[in-house]
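These numbers come from a predicted model, not from an experiment.
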Amino acid sequence: MTRTSLRTHRCGQLRREHAGERVRLGGWVHRSRDLGGIVFIDLRDRDGIVQVCVGPAWAPAELLAQAHALKSESVVTIEGEVVARPPQGRNAELATGDVEVHATALQVVGPAETPAIQVARAKGEELAAEELRLKYRHLDLRRPELQANLILRHRLLQRARRALSELDFLELETPILTKPTPEGARDYLVPSRVHPGEFYALPQSPQIYKQLLMVSGFDRYFQIARCFRDEDLRYDRQPEFSQIDIEGSFVTQEDVIGFVEAVLVALWDEAGHKIDRRFARLTWREAMERYGTDKPDLRYDLPIADWTSQVQPLAVPFFQSATNGSRVRGIAVRGGGTLSRKDVDQLAETAKTHGAPGLAWVKRQGEQLSGSVGKHFTAEALGKIGVGDGDAALMTVGPDRVTSPALDKVRQEVIRRLAPQPKVAHAFCWVVDFPLFEPDPESGKPVFAHHPFTSPHPADVSKLDSDPFACRALHYDAVYNGNELGSGSIRITDPAIQRKVFAHLGLAPQEIDARFGFLLTALAAGAPPHGGFAVGFDRVAMLLAGAGSLRDVIAFPKTTAARALFEGAPAPARPEDLAALHIKVVPPHE
RNA sequence: GGGGCUGUAGCUCAGCUGGUUAGAGUGCCGGUCUGUCACACCGGAGGUCGCGGGUUCGAGCCCCGUCAGCCCCGCCA
């Protein structure tokens, strides 16, 4: 299978059963050990490393001289015999460690200059700085770890395609040069040469196109879709990324959830994890109440509880602000007695940086109570809130919009510090019944929490104008170990409701027609009920590869400033190119 | 847009309270070596202390600015 005109095997394929065979190999000089009269070369390719040995018993003098002069990372082809190593000479750390190749010919087909960063690393040796790894990406990608990540990524892609094809989904492609979208993320714009002053946008997602495909009757669509968003980046956010984009017709939320579960189970299986198909289910409201976040990590208990009524009689000054709209909420930490004073101070700092007024805490050791509010508590009061011997209570006060995110972060930090045994290794869940609107951070006015094609919950349509914050959306997220894997919704198919939603966004009627006329026309042309989902594929690959950032599962990623360090993008355009595009650059001013 | 951390030899790092000639490991170059697998041993070269300005008798170290990378907040329908 891997045989070519220039080689018979990959280096990493050779095993005991190949002993006695004459082989030709091609690979990179990972490392070499020159003992004078005999030279050992670790030859590497994508399958692994094999030891090539150049010794006087089988290699002529000029071959030894050649081996002596080899530079690391050069590409060589060799010819020789696979030989079983003597028992004491085996290397248990190499998959090929039972054999070595006695080379009788060697050719440097791709000489390498001394590499800027090392590919072969000794145990415990640090990686080069990420800046250099990105600059010399062709070298960094030679590292077995990154090769393994990208190979896994390939397998996951193939598996997703197979799983969806088996569910009768069609892989259909949609344009990369599209139309700017209002709201949402900033678009990447592409100027039109033939239409001066006009621009395409790169898609933030193929959302509208996949809906049009449903209107056209394709019934089940998927695509491994490249998406582009011009926003600030994080370790898990790249400006261009891939989604497993899915849409189906004549479906309810339950159908879509079924499709996505099938895909996720297949992907985890591909990575060697057998997971249970019945994912937990919780409403957005439950998630916020118990975990303070819409992407809870259900590997651990440690729920957030409302202790307002239990704590009120204790007259704790810190909780005095627990009045209208505010609640005292906290976490009973089993075994929290082992948290040091420093731990607790840092947890309080975490709470503060996420908006809470601070963190009140009590530790219980037998009848002994300690902590910032320890003197106000009794063992009995602690018992009521589930804090036993050796436990601790961490709590804060305020409106939910303050306490939820703060306690979410505190909970995560407690988990990190105490490192409790997880209940399960893979905790999937569905978060459903998201609100349709969320308050605008500045004005407090209701703004759409999702994209404007998300259908309101049928039971809540009557409250659209009277009580918008009580309206639920037919929107659902898939969550895994505290990570959002993706989200989806049932779409609006009634053009009148769709128009109303656009109007809610503040779009004037003529603007609606200019921007979304094609969608509204399509919805009025006979639209089946439809809905779908998008899985953040890069993030899935990162989690399954155990990688620390998206950059380690993308061959050519951007930096957090959206630069490509290897080829140097973006870069100034030539004046004649700008002229052809009818563009004039105005330098930024202070 | 805001905050934090980092930037010293090709690479990874040390460099004390501001004080003589800026060090180590590794890589690289040369040499010895026939069973190594992070080979070993001997010798050598290698520095715009990110960049610019300032304070000081004197700055790798202090101050201001700036660039780059990473992390966080905002942002990401």
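Separating the NZ atom of A/Lys558 from the C1' atom of B/rG69 is a distance of 16 Å, rounded to the nearest angstrom. In this entry the distance linking CD of A/Glu484 with P of B/rA77 reads 10 Å, nearest Å. Following rounding to the nearest Å, A/Lys295 (NZ) and B/rC76 (P) show an atom-to-atom distance of 14 Å. Look at CZ on A/Arg31: it is 11 Å from C1' on B/rU26, rounded to the nearest Å. The separation between A/Lys135 atom NZ and B/rC70 atom P is 14 Å, rounded to whole Å.
B/rG10 and B/rG50 are spaced 13 Å apart, taking the P atom of each and rounding to whole Å. Rounded to a whole angstrom, the distance from the P atom of B/rC41 to that of B/rG25 is 11 Å. Taking the P atoms as reference points, B/rC72 lies 41 Å from B/rU20, given to the whole Å. Straight-line distance between the C1' atoms of B/rG52 and B/rC71: roughly 27 Å, to the nearest whole Å. Going from the C1' atom of B/rC28 to that of B/rG74 covers 47 Å, rounded to whole Å. B/rG47 sits 12 Å from B/rA22 when the P atoms are compared, rounded to a whole Å. With P as the reference atom, B/rA24 and B/rA14 are 16 Å apart, rounded to whole Å. Here the separation of B/rG1 from B/rU56, taken at their P atoms, is 35 Å to the nearest Å.
Residues satisfying the ring pair (Phe, Tyr, Trp, His ring centres under 6.0 Å) criterion with A/Phe556, sequence neighbours excluded, are A/Phe566. Scored by the side-chain hydrogen bond (donor to acceptor under 3.5 Å, both in side chains) test, A/Glu145 finds A/Arg121 as partners (sequence neighbours excluded). In this view, A/Leu150 and A/Leu141, A/Arg153, A/Ala555 satisfy the side chain to side chain contact (heavy atoms under 4.5 Å, CB included) rule, not counting sequence neighbours.
Remark: B/rG18 base-pairs with no nucleotide; criterion is Watson-Crick or G-U wobble with both hydrogen-bond distances under 3.5 Å. With a 3.5 Å ceiling on both atom-pair distances, the Watson-Crick or G-U wobble partner of B/rA40 is B/rU32. Pairing for B/rU66 goes to B/rG50, judged as Watson-Crick or G-U wobble with the two contacts each under 3.5 Å. Nucleotide B/rC61 has no partner under the Watson-Crick or G-U criteria, as no pair reaches both atom distances under 3.5 Å.
A/Asp245 and A/Tyr221 form a side-chain donor-acceptor contact under 3.5 Å, judged by distance and modelled atom types alone.
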*Start with the C-alpha gap between A/Arg491 and A/Ser489, add the side-chain angles, then the distance that decides, and say whether side chain to side chain donor-acceptor pair (under 3.5 Å) holds.*
CA-CA 6 Å; A/Arg491 324 300 183 188; A/Ser489 65; 2.6 Å; yes

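Between A/Thr559 and B/rG69 there is a side-chain N or O to OP1 or OP2 distance below 4.0 Å. At the phosphate of B/rA77, OP1 or OP2 sits under 4.0 Å from a side-chain N or O atom of A/Arg229. A sub-4.0 Å separation between OP1 or OP2 of B/rG69 and a side-chain N or O of A/Thr560 is absent. For A/Arg551 and B/rC71, the shortest distance from a side-chain N or O to OP1 or OP2 is below 4.0 Å. Remark: A/Arg33 is not in phosphate contact with B/rU34, judged by side-chain N or O atoms under 4.0 Å from OP1 or OP2. For A/Arg234 and B/rC73, the shortest distance from a side-chain N or O to OP1 or OP2 is below 4.0 Å. When the side-chain nitrogen and oxygen atoms of A/Lys71 are compared with OP1 and OP2 of B/rC29, one or more of them lie within a distance under 4.0 Å.
Note on residues 29-41 of chain A: pairs passing salt bridge (charged side-chain N to carboxylate O under 4.0 Å, His left out), not counting sequence neighbours, are A/Arg33-A/Asp42.
Closest approach to the A/Asp232 side chain among B/rC73, B/rG27, B/rG1 is made by B/rG1 (side chain taken as heavy atoms from C-beta onward). Distance from the side chain of A/Arg563 is smallest to B/rA68 among B/rA68, B/rU36, B/rA77. In this structure, the nucleotide among B/rA68, B/rC28, B/rG35 sitting nearest to the side chain of A/Phe40 is B/rG35. The side chain of A/Glu100 approaches B/rU36 more closely than any other nucleotide in the set B/rC75, B/rG27, B/rU36. Minimum atom distance to the side chain of A/Asp34 is reached by B/rC33, of the listed B/rG74, B/rU34, B/rC33.
Within 4.0 Å of A/Gly55, counting heavy atoms only, lies no atom of the nucleic acid at all. Contacts of A/Ala561 with the nucleic acid, taken as non-hydrogen atoms under 4.0 Å apart, involve only primed sugar atoms and P, OP1 or OP2. Contact annotation for A/Phe453: no contact, since no heavy-atom pair falls under 4.0 Å across all strands. The residue A/Ala449 sits close only to the backbone: its heavy atoms come under 4.0 Å of sugar-phosphate atoms, none of a base. Within the 4.0 angstrom heavy-atom criterion, no nucleotide atom of any strand lies near A/Glu73. A/Phe448 comes within 4.0 angstrom of sugar-phosphate atoms only, judged by non-hydrogen atoms across all strands, and of no base.
Residue-to-nucleotide contacts include no donor-acceptor pair under 3.5 Å from the side chain of A/Arg133 to the base of B/rC70. A donor N or O paired with an acceptor N or O is not found under 3.5 Å between the base of B/rC37 and the side-chain atoms of A/Asp42. In terms of polar N and O atoms assigned as donor or acceptor, the side chain of A/Ser205 comes within less than 3.5 Å of the base of B/rA77 in a complementary pairing.
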Give every pair of a protein N or O atom and an N or O atom of nucleotides 4-12 of chain B that lie under 3.5 Å apart, one pair per line with the distance.
from, atom 1, to, atom 2, distance (Å)
B/rG10, O2', A/Ala116, O, 2.9
B/rG10, N2, A/Gln118, OE1, 3.2
B/rU12, OP1, A/Ala129, N, 2.5

Let me have the donor-acceptor pairs involving side chains of residues 52-62 of chain A, under 3.5 Å, with sequence neighbours excluded, atom names and distances please.
from, atom 1, to, atom 2, distance (Å)
A/Trp58, NE1, A/Cys53, O, 3.2
A/Trp58, NE1, A/Ala103, O, 3.3

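Of the candidates A/Val75, A/Thr77, A/Ile78, A/Ile78 is the only one forming a side chain to side chain contact (heavy atoms under 4.5 Å, CB included) with A/Leu43. Residue A/Arg142 forms a side chain to side chain contact (heavy atoms under 4.5 Å, CB included) with just one option from A/Arg46, A/His30, A/Arg137, A/Arg44, and that option is A/Arg44.
Side-chain contact between A/Phe434 and A/Tyr476 is absent, with no heavy-atom pair separated by less than 4.5 Å.
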